Amino acid sequence: MTLKDAALAYHELMKYRYSFLLGRKGKTETLVLSFPKESFHHLAGLHKRDIMRVKNKKYALEIILDGEDITKGDFSKAQIDRWNCLCRLKTIIETNSFVFRLLKQQLPGSKIHAEYVLTDQTVLYFVKTGEPVSVFTAREDQLVNVNHSIRLTTLKIERENLETGLIESIFVSDSYKEY
């Protein structure tokens, strides 16, 4: 996957807002995910490179989508991994992956501050106040640590198209009961 592929995948996500109804021990909570364009800069690992054209978070996504090639030079395997994860993010969100609430808003052994982490047991996707914080392929120790966090049951996932206002249920658990 390329940086442009990651930008296209993220741009597709920006069209939607996802609402997760999550449950644990008879209590429910709602997680709403949105995708501001400024978040792409960090998710794609552009903060780790000193590239003048994409230093401004506000315009980095647009510059890449407009076809400007900023990938001249060496990008690390970690940055390329982030691009691959961004390309998989919609699938992770829409296929009822595991959702964990982080204790003390931090994964043990990590400096990332977030409220939730979604995972397909390969990729970790961190969320704080409903917006993406980080995404990457997890190491084995990180998967062990995330499994020590509070696992929530996904009862329902709805996707709202921000352009049309159309809301559709994309997942409903067998244990979901509408009251």
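Note that the coordinates shown come from a computational prediction; the quantities given were computed from them, not determined experimentally. Just so it is clear, the values below take in all heavy atoms, side chains as well, and ignore hydrogens, waters and symmetry mates.
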Count I, L, V, M, F, W, Y as connected when their side-chain heavy atoms are under 4.5 Å apart, and connections chain through other members. Are [X] and [Y] then in the same cluster?
{"X": "Leu13", "Y": "Leu43", "result": "yes"}
{"X": "Ile167", "Y": "Phe171", "result": "no"}
{"X": "Leu103", "Y": "Val99", "result": "yes"}
{"X": "Leu86", "Y": "Leu8", "result": "yes"}
{"X": "Ile170", "Y": "Tyr16", "result": "yes"}

What residue pairs, at least two apart or across chains, pass salt bridge (charged side-chain N to carboxylate O under 4.0 Å, His left out) with a residue in [range]?
{"range": "residues 107-120", "result": "Arg88-Asp120"}
{"range": "residues 138-147", "result": "Arg139-Asp141"}
{"range": "residues 146-160", "result": "Arg17-Glu160, Glu94-Arg159, Lys156-Glu158, Arg159-Glu168"}

Answer yes or no: is there a donor N or O on one side and an acceptor on the other, between the side chain of [X] and the main chain of [Y], under 3.5 Å?
{"X": "Ser110", "Y": "Ile112", "value": "yes"}
{"X": "Trp83", "Y": "Ala44", "value": "yes"}
{"X": "Lys4", "Y": "Leu65", "value": "yes"}
{"X": "Tyr10", "Y": "Pro36", "value": "yes"}

Who pairs with [X] by side-chain contact (heavy atoms from CB on, under 4.5 Å), at least two apart in sequence or on another chain?
{"X": "Leu155", "result": "Leu21, Thr28, Thr153, Ser175, Tyr176"}
{"X": "Thr91", "result": "Thr95"}
{"X": "Glu29", "result": "Leu22, Arg101, Tyr116, Leu152"}
{"X": "Ser149", "result": "Phe100, Leu102, Leu107"}

Is any side-chain heavy atom of [Y] closer than 4.5 Å to one of [X]?
{"X": "Gln142", "Y": "Phe136", "result": "yes"}
{"X": "Ser97", "Y": "Ile92", "result": "yes"}
{"X": "Leu3", "Y": "Asp5", "result": "no"}
{"X": "His11", "Y": "Phe35", "result": "no"}

*Taking only Lys NZ, Arg NE, NH1 and NH2, and the carboxylate oxygens of Asp or Glu, determine whether Glu62 and Lys37 approach each other closer than 4.0 Å.*
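A salt bridge links Glu62 with Lys37.
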
Please list every donor-acceptor pair under 3.5 Å in which a side-chain atom of residues 123-135 meets a protein atom from a residue at least two apart or in another chain.
none

*asked:* Rounded to the nearest 0.5 Å, what separates atom CD1 in Ile93 from atom CZ in Phe20?
replied: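 If I round to the nearest 0.5 Å, the distance is 6.0 Å.
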
_Working to the nearest 0.5 angstrom, can you tell me the gap between Ser19 OG and Leu31 CG?_
8.0 Å

*Taking only residues two or more places apart in sequence, or in another chain, which ones meet Thr137 in a side-chain hydrogen bond (donor to acceptor under 3.5 Å, both in side chains)?*
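Once residues adjacent in sequence are excluded, the partners of Thr137 under the side-chain hydrogen bond (donor to acceptor under 3.5 Å, both in side chains) criterion are Asp81.
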
*List in chain and number order the residues that pass side-chain hydrogen bond (donor to acceptor under 3.5 Å, both in side chains) with Asn96, two or more places apart in sequence or in another chain; answer none if no residue qualifies.*
Thr154

